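Quick caveat: nothing in here was measured; it's all calculated off a predicted structure.
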Protein chains: 2
Amino acid sequence: MRFVRLSTRGKYGVRAMYDLALHYGEGPVPLKATAERQMVSEHYLEQLMAGLRRAGLVTSSRGAQGGYELTRSPADITIGDIVRVLEGPIDPAECVAEGDPVEACERADECTMRLVWKKLKDCINRVLDSISLKDLCDETAALMSDSCGSCRAGPDCTRGLGERAGTARRTP
Amino acid sequence: MRFVRLSTRGKYGVRAMYDLALHYGEGPVPLKATAERQMVSEHYLEQLMAGLRRAGLVTSSRGAQGGYELTRSPADITIGDIVRVLEGPIDPAECVAEGDPVEACERADECTMRLVWKKLKDCINRVLDSISLKDLCDETAALMSDSCGSCRAGPDCTRGLGERAGTARRTP
DNA sequence: TGGAATCCCAACAAGTTTAGTCGGAATTCT
DNA sequence: AGAATTCCGACTAAACTTGTTGGGATTCCA
């Protein structure tokens, strides 16, 4: 896997959570439906949902009419929450992960590169945590009604997504 | 390898380039010396240098008294330049890589997640390109003379690194 | 001119990770 | 009872990572 390239776990997971956000408040959504809509293997998605459940992001109900639901409002779940569960914590290098840096690298104290990785880590977490599932849903709705939800810059514009006024967001 | 975790290629490569920056202007630096100082396998480093040479970041001279040199001033080579060569381009997903997005994913046009990955990509490139090899050298010198080069926030402070006045930096 | 120092190149390999598949057990609704 | 679900663990083929190995080509210096 390439540096900064999401694996299918992260990508499918975000899509699945987005799918649940779209049906938030309608009761449990069976995995089969999500898998079909998002076009991913149901069995594989099962494994991802297990992680998200253990992390407390979704609840499940078994049996007929069962399925998965978000435990919180889509506005209170960020892309960062999901990605960190499925891809692991955002740590460009071991020396900026949880735990004692010197344990990971004996030169950690005097190493300037460590500051670079730290800066990168913070920046990525900030971006990922600035976008909630609700932002995703809103932006998609805007994309559908207009070529770009927030301006006229075309399909590559990222001006929406957590920057629109009134959008709920986690404050760290 | 984890999402956003650098492989040894990126880490060793940056260290090697930092080593060359430290000796910039002193003629070719033999790989053996760099490998010993940075404590990495010489033969492995050889492979990484090949990539950096092909990318035009270093030149090599063969034979006795040969070695590698930076092709530009340390102020004109960013961490981003190095990392992109050794780890590949920064593309959180295929749909934000070079080339036609719709080729990578047929839903690319209508997909809001794509905007998230785009935003992430831009942010990472921005951070990585804001720090030059010269910044690294300067910051290390400051770290050595003072507990933190730029302030008193202790070893986790990242306030230096491309933010100090007078530091040369690429303007895109 | 000979040899030492160096870069250059290609092949190989063990271990790990990824992206799933497969089969079945447990639970719950109707 | 039967159908729809989640839950769990084992398995696997392919790719990637992190080097190692071996040898060839070039250049400097004594």
Side-chain angles (χ1 to χ4, degrees), chain A residues 1-16 20 23 26-36 38-55 57-71 83 86-88 91 93-94, chain B residues 1-16 19-20 23 26-36 38-55 57-71 83 86-88 91-94:
Chain A
M1 201 52 46
R2 275 240 283 302
F3 177 57
V4 168
R5 173 67 60 94
L6 285 149
S7 71
T8 54
R9 292 175 61 84
K11 278 189 297 184
Y12 294 178
V14 170
R15 268 152 71 177
L20 293 186
H23 298 89
E26 302 173 10
V29 179
L31 199 53
K32 192 177 180 190
T34 298
E36 273 169 11
Q38 302 299 325
M39 298 192 297
V40 306
S41 146
E42 184 186 345
H43 256 311
Y44 187 47
L45 206 47
E46 219 170 56
Q47 293 176 45
L48 310 188
M49 295 311 287
L52 294 167
R53 177 171 46 76
R54 280 191 293 267
L57 261 34
V58 299
T59 49
S60 59
S61 25
R62 300 171 77 158
Q65 261 62 28
Y68 292 93
E69 291 176 88
L70 301 182
T71 50
V83 168
L86 294 173
E87 303 271 3
D91 296 318
E94 278 181 34
Chain B
M1 201 52 45
R2 274 238 286 300
F3 177 58
V4 167
R5 174 66 59 96
L6 283 149
S7 72
T8 55
R9 292 175 63 83
K11 277 189 297 185
Y12 293 178
V14 170
R15 268 153 70 178
D19 193 87
L20 293 187
H23 298 88
E26 302 173 11
V29 180
L31 200 53
K32 192 178 181 189
T34 298
E36 272 167 12
Q38 302 299 324
M39 299 192 298
V40 307
S41 147
E42 184 186 344
H43 257 311
Y44 187 46
L45 205 46
E46 219 170 56
Q47 293 176 45
L48 310 187
M49 295 311 286
L52 294 167
R53 177 172 46 77
R54 280 190 293 268
L57 261 33
V58 300
T59 49
S60 58
S61 24
R62 300 171 79 158
Q65 263 59 30
Y68 292 93
E69 292 177 86
L70 301 182
T71 50
V83 168
L86 293 172
E87 303 271 3
D91 296 318
E94 278 181 35

Decide yes or no on side-chain contact (heavy atoms from CB on, under 4.5 Å) for B:Arg53 and B:Thr59, but give the supporting numbers first. CA-CA 6 Å; B:Arg53 177 172 46 77; B:Thr59 49; over 6 Å; no
Worked check of side-chain contact (heavy atoms from CB on, under 4.5 Å) between B:Val58 and B:Glu69: CA-CA 5 Å; B:Val58 300; B:Glu69 292 177 86; over 6 Å; no
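Going from atom NZ of A:Lys32 over to atom C1' of D:dA3 covers 11 Å, rounded to whole Å. For the pair A:Glu42 CD and D:dT6 P, the computed distance is 7 Å after rounding to whole Å. We find that CD of B:Gln65 is positioned 19 Å from P of D:dT26, with the value rounded to whole Å. The separation between B:Leu6 atom CG and D:dC16 atom C1' is 16 Å, rounded to whole Å. When the C1' atom of D:dG2 is taken as reference, atom CZ of A:Arg62 falls 17 Å away, rounded to whole Å. Taking atom CZ on A:Arg54 and atom P on D:dT6, their separation rounds to 15 Å, with Å as the unit. One interatomic measurement links the two molecules: CE of A:Met49 to P of D:dT6, which rounds to 9 Å at whole-angstrom precision. To the nearest angstrom, P of D:dC16 lies 14 Å from CD of B:Glu87.
Checking B:Glu46 against B:His43 by side-chain atom types alone, a donor-acceptor pair falls below 3.5 Å.
With hydrogens and angles disregarded, no donor-acceptor distance shorter than 3.5 Å links the side chain of B:Arg2 to the backbone of A:Gly88.
A 4.5 Å side-chain heavy-atom check between B:Leu20 and B:Tyr68 finds at least one atom pair inside the cut-off. For the pair B:Phe3 and A:Val83, the minimum side-chain heavy-atom distance is below 4.5 Å. A:Leu70 has its side chain out of reach of A:Leu57: every pair of non-hydrogen atoms, C-beta onward, lies at least 4.5 Å apart.
The side chain of B:Tyr44 has D:dT20 as its nearest neighbour among D:dG24, D:dT6, D:dT20. Of the listed nucleotides (D:dT26, D:dC8, D:dA10), D:dA10 has the atom at the smallest distance from the side chain of A:Gln47. Across D:dG19, D:dT6, D:dC28, the shortest atom-to-atom separation from the side chain of B:Tyr12 is found for D:dG19.
OP1 or OP2 of D:dT20 sits under 4.0 Å from a side-chain N or O of B:Ser41. The shortest distance between the side-chain N/O atoms of A:Arg53 and the OP1/OP2 oxygens of D:dC7 is below 4.0 Å.
Where DNA chain C meets chain A (any atom under 4.0 Å from a heavy atom), the bounding nucleotides read 5' to 3' are C:dT18 to C:dC29.
Using a 4.0 Å heavy-atom criterion, one finds that B:Arg5 contacts no nucleic acid atom at all.
Two residues, B:His43 and B:Ser7, neighbour DNA chain D, and the one matched to the more 5' nucleotide by heavy-atom proximity is B:Ser7. Nearest-nucleotide assignment on DNA chain C puts the 5′-proximal partner with B:Ser61, out of B:Arg2 and B:Ser61.
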